[in-house]
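Side-chain atoms are counted along with the backbone in the values below, which use heavy atoms only and exclude waters and symmetry mates. Counting convention: from 1, in listed order, for ligands and their atoms alike.
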Amino acid sequence: MAIDFTFSDDVETARLLVKRFMKETVRPKMAELQGRRAKREEWGVAIRELRSTARKQGLWCPHMPEEFGGMGLGHTAVAAMSAEAVKTPMGPYIINCQAPDEGNMHTLLHFGTDEQKEKWLKPLCEGTMRSCFSMTEPDAAGSDPTQIQTTAVEDGDDWVINGKKWFTSGAQGADFAIVIAKTDPDAEIAQARNSAFIVPLKSPGFSIVREVETMGGGGGHPEVKYDNVRVPRANMLGERGGGHKLGQVRLGPARLAHCMRWIGQIEQALEMLVDRAQKRFAHGSLLSEKQGIQWMMSESALELYASKLMVLHAAYKIENGMDFRAEVSMAKHHVANTLWKTVDRALQVHGALGYSNDTPLAQMLIQARWARIADGSDEVHLMRIAEMVMRSYNETGSVNHAVGDLPI
Ligand SMILES: Cc1cc2nc3c(=O)[nH]c(=O)nc-3n(C[C@H](O)[C@H](O)[C@H](O)COP(=O)(O)OP(=O)(O)OC[C@H]3O[C@@H](n4cnc5c(N)ncnc54)[C@H](O)[C@@H]3O)c2cc1C
């Protein structure tokens with residue numbers, strides 16, 4: 001078994017280029033716009049320019065194949081890019097690997113017909129369209145997609161969609177949604193009752209019902225309605241009854257992409273903790289000299305290290321076509337909780353300053369909270385991990401298959 005944690009030269013070069021581009025070009029521009037409280041239109045122009053520069057420099061869509069204008073990198077290399085990009089506000093958007101478009105690109109690449117790729121995937125990759133993913137409903141437990149109430153019924157050459165969704169992140173400004181709806185309510189297997197559809201949001205019958213105010217502020221995750229929305233048959237994505245499977249396949253790379261972005265934030269929070277602790281003096285010594293604070297650092301470091309290993313290993317399994325469900329579930333749960341704990345510790349070490357908006361920590365803590373709910377809540381991942389551990393033990397007499405299948 002060869003264990004090699006170094007990236008090939010071209011990947012390492014690309015990672016360093018992203019890092020430098022973010023540090024030398026994107027961050028100063030963001031700081032300048034923030035500093036002079038630039039108008040919305042000015043932000044728009046600046047962001048378009050930055051995206052254009054990123055594209056010209058070949059730092060674009062790291063997760064997509066070259067034929068779609070991307071960098072053609074594998075999942076482990078994408079992990080490196082994303083972790084660099086996320087350290088800068090808007091970083092993932094500037095290089096076109098932001099949620100939910102990034103997950104939808106993977107889904108279209110995996111399940112789309114040639115026609116669908118041409119019509120929907122290409123513009124996403126070019127950055128001329130935006131998309132959203134519309135699965136969760138206000139009146140049914142999102143943790144259990146077999147309960148989805150939105151229906152899609154055949155009518156001539158069309159499907160007619162009716163239902164309510166919410167937390168369709170990014171629906172405002174998106175050109176289309178990937179919608180999961182019930183097409184086969186009588187299918188024997190509950191997981192075979194839903195199908196996925198590409199729904200242009202200009203379709204008659206689609207509306208944004210309301211913005212959902214969240215602890216992160218307003219906007220971004222609206223409640224939406226599909227009222228007799230018609231789409232042609234050609235807009236079914238994947239096979240009929242394959243909506244559940246599509247959701248699972250989408251969520252593999254999409255969950256991991258979140259983890260990669262969160263790792264960048266964990267590192268940022270830990271660096272802030274270390275920096276502050278070495279400068280703040282109280283009760284006769286620097287905070288960094290107190291064991292209580294050192295343990296915050298070491299626990300965060302331990303958890304960050306485990307996060308990186310889990311993400312790299314799960315990415316390796318996806319990249320090599322291996323079963324990745326247990327590893328992605330574990331990574332998602334572990335990294336989301338590490339983010340929450342590390343940002344909280346960093347905020348604590350900053351005292352009142354941490355609670356203020358003078359540092360990014362307060363906002364980071366708010367953002368960190370949803371990581372434990374979206375893309376599978378903590379408890380659902382724990383449930384799935386337990387199922388996989390028991391299955392592995394019962395089928396093979398060992399739990400190893402469910403804990404990475406590593407040769408140790
Ligand atoms: C910021 C944010 C962005 C989101 N973006 C999107 C999006 O773009 N598209 C989309 O479709 N959805 C999105 N979601 C929705 C998200 O996927 C759902 O919130 C999630 O699937 C949980 O569903 P629910 O909220 O209905 O909670 P429920 O299913 O009602 O579950 C509530 C709680 O019950 C507990 N629970 C559930 N099952 C079990 C179990 N088996 N054992 C023990 N406890 C359990 C968990 O604590 C869970 O958090 C987003 C959510 C957030 C917060």
Side-chain angles (χ1 to χ4, degrees), residues 92-93 98-107 124 130-150 152 161 163-182 190-191 194-199 201 206 208-226 237 243-244 246-255 257-259 261-262 265 328-329 332-333 336-337 339-340 363-390:
Y93 183 69
Q98 69 287 351
D101 291 324
E102 180 265 349
N104 289 344
M105 288 184 212
H106 278 299
T107 311
L124 274 189
R130 277 174 46 204
S131 64
C132 53
F133 188 72
S134 202
M135 181 157 97
T136 307
E137 302 181 351
D139 301 328
S143 306
D144 178 5
T146 63
Q147 294 189 41
I148 281 174
Q149 294 174 2
T150 298
I161 302 174
K164 251 193 306 182
K165 302 274 184 187
W166 77 341
F167 279 82
T168 296
S169 304
Q172 319 88 324
D175 297 274
F176 67 93
I178 295 178
V179 179
I180 308 293
K182 190 155 284 179
Q191 283 78 6
N194 299 329
S195 305
F197 298 90
I198 301 169
V199 179
L201 296 190
F206 171 82
I208 294 192
V209 178
R210 66 178 177 114
E211 270 302 348
V212 179
E213 280 284 326
T214 67
M215 63 189 275
H221 313 290
E223 179 175 335
V224 303
K225 191 170 171 193
Y226 300 86
L237 181 58
H244 191 86
L246 178 138
Q248 293 308 307
V249 171
R250 177 186 186 278
L251 283 173
R255 280 176 178 147
H258 275 316
C259 290
R261 292 186 277 263
W262 296 335
Q265 291 172 26
V328 169
S329 258
K332 197 277 170 177
H333 183 281
N337 280 275
L339 176 68
W340 174 247
Q363 278 309 312
M364 283 165 76
L365 191 73
I366 288 171
Q367 295 304 323
R369 192 60 189 85
W370 67 255
R372 295 181 48 213
I373 297 172
D375 283 356
S377 59
D378 280 359
E379 294 74 14
V380 173
H381 284 294
L382 291 176
M383 177 178 81
R384 295 279 173 242
I385 293 165
E387 283 170 6
M388 287 185 266
V389 172
M390 285 190 276

Revision key, fill the gap. Going by the 4.0 angstrom heavy-atom rule, the piece of Met135 near ligand 1 is both
Check your understanding: Where is the nearest protein heavy atom to atom 16 (C) of ligand 1: which residue, which atom, and how far?
Key -> Thr136 OG1, 3.7 Å
**Study point:** Any Pro145 side-chain heavy atom under 4.5 Å of Ile180 side chain
**Key:** no
Exercise for review: Report the part of His221 (side chain from C-beta onward, or backbone N, CA, C, O) that has a heavy atom under 4.0 Å from ligand 1; answer both or neither where that applies.
Suggested key: side chain
Revision key, fill the gap. Rounded to the nearest 0.5 Å, the NE2 atom of His381 sits from the NZ atom of Lys332 at a distance of 4.5 Å
Exercise for review: Might you check, step by step, whether the distance between atom 12 (N) of ligand 1 and some protein heavy atom is under 4.0 Å?
Suggested key: yes
Point to revise | Pairwise distance CD(Gln147) to CD(Glu137) - rounded to 0.5 angstrom | key: 9.5 Å
Practice item. Look at the aromatic rings of His221 and Phe167 and report parallel, tilted or perpendicular, splitting at 30° and 60°. Key: parallel
Check your understanding: Would you say the side chain of Arg261 lies within less than 4.5 Å of the side chain of Pro92, judging by non-hydrogen atoms?
Key -> yes
Exercise for review: Among all protein heavy atoms, pick the one closest to atom 40 (C) of ligand 1 and tell me residue, atom and distance.
Suggested key: Met383 SD, 4.3 Å
Check your understanding: Under 4.5 Å between any side-chain heavy atoms of Leu201 and Cys132, yes or no?
Key -> yes
Check your understanding: Which residue owns the protein heavy atom closest to atom 9 (N) of ligand 1, what's the atom, and how far is it?
Key -> Phe133 O, 2.7 Å
Check your understanding: Would you say Val179 and Tyr226 make side-chain contact, with heavy atoms under 4.5 Å?
Key -> yes
Exercise for review: Provide the number and element of each atom of ligand 1 under 4.0 Å from a heavy atom of Ile373.
Suggested key: 19 (O), 20 (C)
Review point. What is the nearest protein non-hydrogen atom to atom 39 (C) of ligand 1, stated with its residue, atom name and distance?
Key: Val380 CG2, 4.0 Å
Check your understanding: Does some side-chain heavy atom of Leu246 sit less than 4.5 Å from a side-chain heavy atom of Asn194?
Key -> no
Check your understanding: Would you say atom 33 (C) of ligand 1 has a protein heavy atom nearer than 4.0 Å?
Key -> no
Revision key, fill the gap. At under 4.0 Å between heavy atoms, what of Ser169 touches ligand 1? The answer is both
Point to revise | For atom 43 (C) of ligand 1, closest protein heavy-atom neighbour | key: Glu379 CB, 3.5 Å
Point to revise | CZ/Arg369: more than 12 non-hydrogen atoms of other groups inside 6.0 Å | key: yes
Practice item. Using a 4.0 Å heavy-atom threshold (strictly under), name the region of Phe167 that reaches ligand 1: side chain, backbone, both or neither. Key: both
Check your understanding: Which residue holds the protein heavy atom closest to atom 26 (O) of ligand 1, what is that atom called, and what is the gap in Å?
Key -> Gly142 N, 2.7 Å
**Study point:** Closest approach of any protein heavy atom to atom 29 (O) of ligand 1, naming residue and atom
**Key:** Ser143 OG, 2.6 Å
Review point. Just how far is it from atom NZ of Lys225 to atom CZ of Arg210, taken to the nearest 0.5 Å?
Key: 13.5 Å
Exercise for review: Identify, by atom number and element, the atoms of ligand 1 in contact range of Ser377, meaning under 4.0 Å from any of its heavy atoms.
Suggested key: 46 (C), 48 (C), 49 (O)
Check your understanding: At under 4.0 Å between heavy atoms, which part of Thr214 makes contact with ligand 1: side chain, backbone, both or neither?
Key -> neither
Review point. Less than 4.0 Å between atom 45 (C) of ligand 1 and some protein heavy atom, yes or no?
Key: yes
**Study point:** Partners passing side chain to side chain contact (heavy atoms under 4.5 Å, CB included) against Glu379 (at least two apart in sequence or in another chain)
**Key:** Ser377
